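Here's the structure, in structure tokens; my notes come after.
In this chain, residues are counted from 1 in sequence order. Remember, it's 1-based here, ligands and their atoms both numbered in the order they're listed. When reading the values below, keep in mind they use all heavy atoms of this one structure, side chains included, and skip hydrogens, waters and symmetry mates. Model, not experiment: these values are computed from the prediction.
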Amino acid sequence: MHKIQKAVIPAAGLGTRFLPATKATPKEMLPVVDKPAIQYVVEEAAAAGLNDVLMITGRNKRALEDHFDRNYELESALTRKGDDERLVRVQESSELATMHYVRQGDPKGLGHAVLCAEPHVGDEPFAVLLGDDLIDPRDPLLARMTEIQEREGGSVVALMEVAPEQIHLYGCAAVEVTPEADVVRVTGLVEKPEAGDAPSNLAVIGRYVLDPAVFGVLRDTEPGRGGEIQLTDALQQLAADEKLGGPVHGVVFRGRRYDTGDRGDYLRAIVRLACEREDLGPDFRTWLRDFAATEL
Ligand code: G1P
């Protein structure tokens, strides 16, 4: 069984929900407190031992490459000033992982973005992390998923219980229980079903550990919901026929997840993360309590 080393992070989306902020800046670079959203995701991959990161990018995404590279000018300016604390913070992002980039060209959907990773990933299991979902580092999810994949083979998706009125925003899994409380067997997947058609209340959150057989399946996957090649549709194929690439399991996540996908979620994520920060949290929480008591 392969030890999983590679993480793929699709980051080619246009970020239209955040215009005009994203006119010239990738949405992945929008700050969540004081770090770009994408840095949390690369930190999560690195914390799970995935030190080889491939980003699937597109036009207007050069800032991503710069962020994970050295910036000698800035570093020497901070060194001259003796500002060691900021120097460390600037260097951190360039030391997290070995970064690779490939451009998606035509934005034909998440499944197509993952297919762009094939030449880099080759014939080994790999992780996919979607940038709109941030997982609290105190509640490690990816390490548990790689553990299950290494034990069971096949593919593993991250699942989370959501309210029925939320399920149309996610891929949804039909599952069977296993002896482990946080692990289920996935028997089917459907992308963004209406509440009435959803096979469960378990939503796919943006973490996957995939068998490389997914590439062959994706190549034959027709555009699905929204006219896009959907990763969920390829995973449905894998779940329906174990001979293709082994079983599909789900790890049911019950920890802290922050969504940054639209403006409301993004604001909530910033407030929650700011409250939890050791340095900013105490003052911010006091202000927030006063604000809520007097202004709301
Ligand atoms: C994508 C996937 C969906 C998944 C979601 C998780 O949708 O297609 O199956 O549940 O990410 O965030 P998107 O949010 O990109 O529309």
Are Tyr208 and Val8 side-chain neighbours, meaning at least one heavy-atom pair lies under 4.5 Å? no

- Query: Can we say Lys35 and Glu92 salt-bridge, meaning some charged N sits less than 4.0 Å from an Asp/Glu carboxylate O?
  - Reply: no

Practice prompt. Using a cut-off of 6.0 Å, state whether more than 12 heavy atoms not belonging to Arg263 lie near its atom CZ.
Written response: no

When you check ligand 1 against the protein, what N or O pairs turn up below 3.5 Å? List the atom names and distances, or just say none.
residue: ligand 1; atom: 7 (O); partner: Lys192; partner atom: NZ; Å: 3.4
residue: ligand 1; atom: 8 (O); partner: Glu191; partner atom: OE1; Å: 3.4
residue: ligand 1; atom: 8 (O); partner: Glu191; partner atom: OE2; Å: 2.7
residue: ligand 1; atom: 9 (O); partner: Gly171; partner atom: N; Å: 3.0
residue: ligand 1; atom: 9 (O); partner: Glu191; partner atom: OE1; Å: 2.6
residue: ligand 1; atom: 9 (O); partner: Thr232; partner atom: OG1; Å: 3.2
residue: ligand 1; atom: 10 (O); partner: Gly171; partner atom: N; Å: 2.9
residue: ligand 1; atom: 10 (O); partner: Val204; partner atom: O; Å: 2.6
residue: ligand 1; atom: 12 (O); partner: Asp133; partner atom: OD2; Å: 2.9
residue: ligand 1; atom: 16 (O); partner: Lys192; partner atom: NZ; Å: 2.5

query: Got a donor-acceptor contact below 3.5 angstrom from the Lys6 side chain to the His120 backbone?
result: yes

Original post:
Any donor and acceptor pair, going by atom type alone, linking the side chain of Lys27 with main-chain N or O of Phe18 inside 3.5 Å?
Top reply: no

task = Would you check if the side chain of Tyr40 reaches a backbone N or O of Val32 as a donor-acceptor pair within less than 3.5 Å?
result = yes

